[in-house]
*Asks:* 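Here's a structure for you.
If you're wondering where the values come from, they're calculated on a predicted model, not measured in any experiment. Ligands are counted one by one from 1 in listed order, and the atoms in each one are counted from 1 as well.
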Amino acid sequence: MVERLSWKKLAWELAFFYLPWFIIGWLFGGLPWLLLGATVAMLLWHLHQQIKLSDWLWKDKSLTPPSGTGSWEPLFNGIYRLQKRNRRRRKELANLIRRFRNGAESLPDAVVVFESDGSIVWCNKLAQELLGLRMPDDNGQHISNLIRAPEFVSYIAEANYDIPLEMRSHINSARTLEFRTMPYAEGEFLMVVRDITQLKQLEGMRRNFFANVSHELRTPMTVLRGYLEMTEDPDMVIGPMWPKAHGVMTEQLSRMESLVEQLLTLSKIEAAAKPELDHDVDVPAMLDVLQKEAQTLSGDREHVLTFDVDKSLKVKGNDDQLRSAISNLVYNAVKHTPAQAAISVKWYRTDKGPRLEVTDSGEGIPPQHLDRLTERFYRVDKARSRETGGSGLGLAIVKHALSHHDAELEIQSEVGMGSTFAFTLPERLTC
Ligand code: ADP
């Protein structure tokens, strides 16, 4: 380890250098000339060392300095140490930046860093996808030049970042984005952009759901109120109108009851965690009961009901949910099929697993409605559905109950010919 330079060391070095010349000059004469010669030699040697140092600093790529001698050695080594320290710091800093960038890349949101004048410093990959930015091409570009939506331009111009900005994506108007901006380093801002399309859709669905429920309840309530007001007149209660009024009131009440019941079933299935599918469900016995209930529901419309059931085919699953799913499909067939038409229910084994098919010869469903039938309150013919006492929730219940059993509802329908509603449970659920 070479020590640093000191006055003492320099003085000793000079003394050692001049001493031999001094002795020679003193013994043989010509001392001034000898001292001058020695000083010139020393100057040349120093100049040579300077050139070596400069060559190493500017030309040489190697980390190790040239081997300096004498008083230059500590200088060479000192510079080398300094350089090594700087390299280490640079490496640490580069690691830190890499870690930050990796962290920002793994965020589920788009991140853009920009300066207070709006010029982009950096953005992650998600920002490139979501906002159409390109790195490093867009480095230094003004952010408002690249996201050219009027709301965004004034958001950046006003620089009031207390409230997040929500707007339609400038590259895909079907998507809604939320921009949150916060101060980052000095003179820099960090913008986090989230795709909130789904959240907005859910919000809309929730609003629609409440509007639908209120609307569904209001209609029977208005009818009930009307009749109740009529009963203020005592003559009405004993008059000939009463049996009809009583009948309508009872019917409206059962409509409300069935709506509330369906709502409760749906919320129970939706809120429930995916059930453990380890209970034996006796689907043939369930279908046996359902056949009788369907007959009763059909009443004097006398549908021709055929139940073709594999009596040995039991499954693992959730009893309540499977009953809800199957009964809704069977009741729908009865409700939406004209009198005396045929309805067939089949429960059988397939290669993929147990399958239920409910086929009717009813009015059928136009193809444009098929995708939306399982939405809550969606009906093809609102007036007709209400007439038949439908709540519009039946198929939503079916969809949820089936998804808890890893199955999907398949709908095939032809207008005027009839419809088939079917599902196949996974083979692993066969008992
Ligand atoms: P609803 O209580 O009105 O029957 P669902 O969710 O069970 O509600 O069904 C949604 C809509 O799907 C019904 O309003 C009806 O228009 C249509 N639909 C369901 N099942 C049948 C069927 N078997 N035949 C014809 N249309 C049907």
*Asks:* Under 4.0 angstrom from ligand 1, any heavy atom of Phe421?
*Replies:* yes

*Asks:* Any idea which part of Thr337 is under 4.0 Å from ligand 1, heavy-atom wise: side chain, backbone, both or neither?
*Replies:* neither

*Asks:* Short list, please: which atoms of ligand 1 are under 4.0 Å from a heavy atom of Ile365?
*Replies:* 25 (C), 26 (N), 27 (C)

*Asks:* Leu373 to ligand 1: N or O pair under 3.5 Å?
*Replies:* no

*Asks:* Run the numbers for me: atoms of ligand 1, each under 4.0 Å from some heavy atom of Ser419, listed by number.
*Replies:* 24 (N)

*Asks:* Give the numbers and elements of all ligand 1 atoms closer than 4.0 Å to a heavy atom of Lys335.
*Replies:* 2 (O), 4 (O)

*Asks:* Identify, by atom number and element, the atoms of ligand 1 in contact range of Tyr378, meaning under 4.0 Å from any of its heavy atoms.
*Replies:* 10 (C), 11 (C)

*Asks:* Does any N or O of ligand 1 fall below 3.5 Å from an N or O anywhere on Gly392, backbone included?
*Replies:* yes

*Asks:* Under 3.5 Å, is there a donor-acceptor pair between the Ser413 and Ser419 side chains?
*Replies:* yes

*Asks:* Quick one: CG on Leu217 to CZ on Arg255, what's the gap to the nearest 0.5 Å?
*Replies:* 9.5 Å

*Asks:* Would you kindly say whether Arg349 and Ser312 are connected by a side-chain donor-acceptor distance under 3.5 Å?
*Replies:* yes

*Asks:* Within the 4.0 Å heavy-atom shell around Ser391, which atoms of ligand 1 are there?
*Replies:* 2 (O)

*Asks:* Name the orientation class of the two ring planes belonging to Tyr155 and Phe152 (parallel below 30°, tilted from 30 to 60°, perpendicular beyond 60°).
*Replies:* tilted

*Asks:* CG/Leu165 to OG/Ser154 distance, rounded to the nearest 0.5 angstrom?
*Replies:* 8.0 Å

*Asks:* Verify whether one side chain among Thr424 and Arg355 offers a donor that lies under 3.5 Å from an acceptor in the other.
*Replies:* yes

*Asks:* Look at the aromatic rings of Trp56 and Tyr80 and report parallel, tilted or perpendicular, splitting at 30° and 60°.
*Replies:* tilted

